[in-house]
Chemist: 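This structure is in structure tokens; I'll ask about it shortly.
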Amino acid sequence: MKRLARRWKNVSSDGEDDSEDNFSLPTTSDFHPIDTEEQEELVRSLERSQAQQSRFWRRVFSGLLCCFMAFLIFSIHGQTTMPWELRYHAYFMYEIESWIVIAADWAGVFVCAMTIAGLLHCSRSHRWWLWFSCYSGVLLAVFWLYNMLKLAKFRWDIIWLPLGPLSGAGFGLYVDHLMNESSEEVKKLRNYMYSYKSR
């Protein structure tokens, strides 16, 4: 404690002359505009970073959808080889036929595949894939909810049947929107840079 007090006294006695300089506001600005090459390099680095982030998140969500798609294919295989053995399918044993359940699961696979294509496809039409997967997911959700409401008791444990593909398509559309929005911000920054240089 004594050492700390001595150091404090030494610092305060040395700094008495500079006290005005330490606590006065700066009178000149330290801001200097960056030159053209630095602007170009900064924008290029932001574009590279945004492209890497976009690829990463699109692949992450595509991977999650691939896992869900593999699960649906497993369900189709189970329903084809051993009908009504899977509990979430067995609820509908007396409501709908087996081939309709298989067709509905194939429709879920189709929705996931369209979402993956929309996320990974690099063209102007990729958003159409995403919107079409959302509309297909809505139709599939209506089908499952209609048949769930026909059951004697509503089963909350199978709510993922109507909401799974629809949620996947919705998240895909949301991720694509976020990535496009960040890309537009970087493009705006590039445009501002050129308009600044033209002055």
Chemist: Heavy atoms only: give me the nearest Ala141-Pro162 pair and the separation to one decimal.
Modeler: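 The pair with the smallest heavy-atom distance is CB-O, 3.3 Å.
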Chemist: Identify whether Trp129 and Leu64 are in the same connected component of the hydrophobic contact network (ILVMFWY, side-chain heavy atoms under 4.5 Å).
Modeler: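 Different clusters: Trp129 never reaches Leu64 through Ile, Leu, Val, Met, Phe, Trp or Tyr contacts under 4.5 Å.
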Chemist: When you compare the side chain of Ser183 with that of Lys187, does any pair of heavy atoms fall below 4.5 Å?
Modeler: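 A side-chain contact exists here, since the closest heavy-atom pair is under 4.5 Å.
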Chemist: Would a single hydrophobic cluster contain both Leu173 and Val111, if residues Ile, Leu, Val, Met, Phe, Trp and Tyr are joined by side-chain heavy-atom contacts under 4.5 Å?
Modeler: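 Looking at the clustering, Leu173 is in a separate group from Val111.
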Chemist: If you group Ile, Leu, Val, Met, Phe, Trp and Tyr by side-chain heavy-atom gaps below 4.5 Å, do Phe110 and Val138 land in one group?
Modeler: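 Looking at the clustering, Val138 is in a separate group from Phe110.
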Chemist: Are Trp144 and Ile158 side-chain neighbours, meaning at least one heavy-atom pair lies under 4.5 Å?
Modeler: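 The answer is no, as the side chains (C-beta and beyond) never meet within the 4.5 Å cut-off.
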Chemist: Side-chain contact, heavy-atom cut-off 4.5 Å: His126 with Leu120?
Modeler: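 No, their side chains stay 4.5 Å or more apart.
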Chemist: Could you tell me if the side chain of Leu46 sits less than 4.5 Å from the side chain of Glu185, heavy atoms only?
Modeler: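 Counting from C-beta outward, Glu185 and Leu46 never come under 4.5 Å.
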Chemist: Linking I/L/V/M/F/W/Y whenever any side-chain heavy atoms sit under 4.5 Å apart, do Trp106 and Trp160 land together?
Modeler: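 Yes, one cluster joins them.
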Chemist: Taking side chain as C-beta onward, heavy atoms only, is Val43 less than 4.5 Å from Glu47?
Modeler: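 Contact flag for Val43/Glu47 side chains = yes.
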Chemist: Just how far is it from atom CZ of Phe68 to atom CD1 of Ile116, taken to the nearest 0.5 Å?
Modeler: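 It comes to 11.0 Å.
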Chemist: What are the two closest heavy atoms between Leu130 and Leu119, and how far apart are they?
Modeler: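 Heavy atoms of Leu130 and Leu119 come nearest at CD2-N, 4.1 Å.
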Chemist: Atom CG in Leu140, atom OG in Ser133: separation rounded to 0.5 Å?
Modeler: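 So the gap between those two atoms works out to 12.0 Å.
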Chemist: Assigning hydrophobic clusters by single linkage (Ile, Leu, Val, Met, Phe, Trp, Tyr; side-chain heavy-atom cutoff under 4.5 Å), is Leu86 placed with Phe92?
Modeler: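 As far as the 4.5 Å side-chain criterion goes, Phe92 and Leu86 are connected within one cluster.
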Chemist: Shortest non-hydrogen contact from Arg127 to His177?
Modeler: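 The answer is NH1-CA, 4.2 Å.
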Chemist: Taking the side chain as every heavy atom from C-beta outward, state whether Trp84 and Val101 have any pair of such atoms under 4.5 Å apart.
Modeler: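 Yes; the side chains approach each other to less than 4.5 Å.
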Chemist: Minimum heavy-atom separation for Phe132 to Met114, with atom names?
Modeler: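 Nearest pair, atom of Phe132 first, then Met114: CD2-SD, 3.0 Å.
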Chemist: Check the orientation of Trp57 and Phe61. Use parallel for under 30°, tilted for 30 to 60°, and perpendicular for over 60°.
Modeler: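 Taking Phe61 first and then Trp57, their aromatic rings sit tilted (interplane angle of 30° to 60°).
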Chemist: Is there a side-chain contact between Val60 and Val175 (heavy atoms, below 4.5 Å)?
Modeler: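 No, too far: nothing below the 4.5 Å cut-off.
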Chemist: Begin with the C-alpha distance, continue with both residues' side-chain angles, and end with the deciding distance and a verdict on side-chain hydrogen bond (donor to acceptor under 3.5 Å, both in side chains) for Ser54 and Arg58.
Modeler: CA-CA 6 Å; Ser54 178; Arg58 287 173 188 275; 3.0 Å; yes
Chemist: Atom CG in Leu151, atom CE in Met93: separation rounded to 0.5 Å?
Modeler: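 The CG atom of Leu151 sits 12.0 Å away from the CE atom of Met93.
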Chemist: How close do Cys134 and Leu166 get, counting heavy atoms only, and between which atoms?
Modeler: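 Taking every non-hydrogen atom into account, O-CD1, 3.8 Å.
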Chemist: Taking all non-hydrogen atoms of both residues into account, name the closest pair between His89 and Gln79 and its distance.
Modeler: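 That closest heavy-atom pairing would be ND1-OE1, 3.2 Å.
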Chemist: Evaluate the side-chain proximity of Leu161 to Tyr91: yes if any heavy-atom separation is below 4.5 Å, no if none is.
Modeler: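 Answer no - side chains too far apart.
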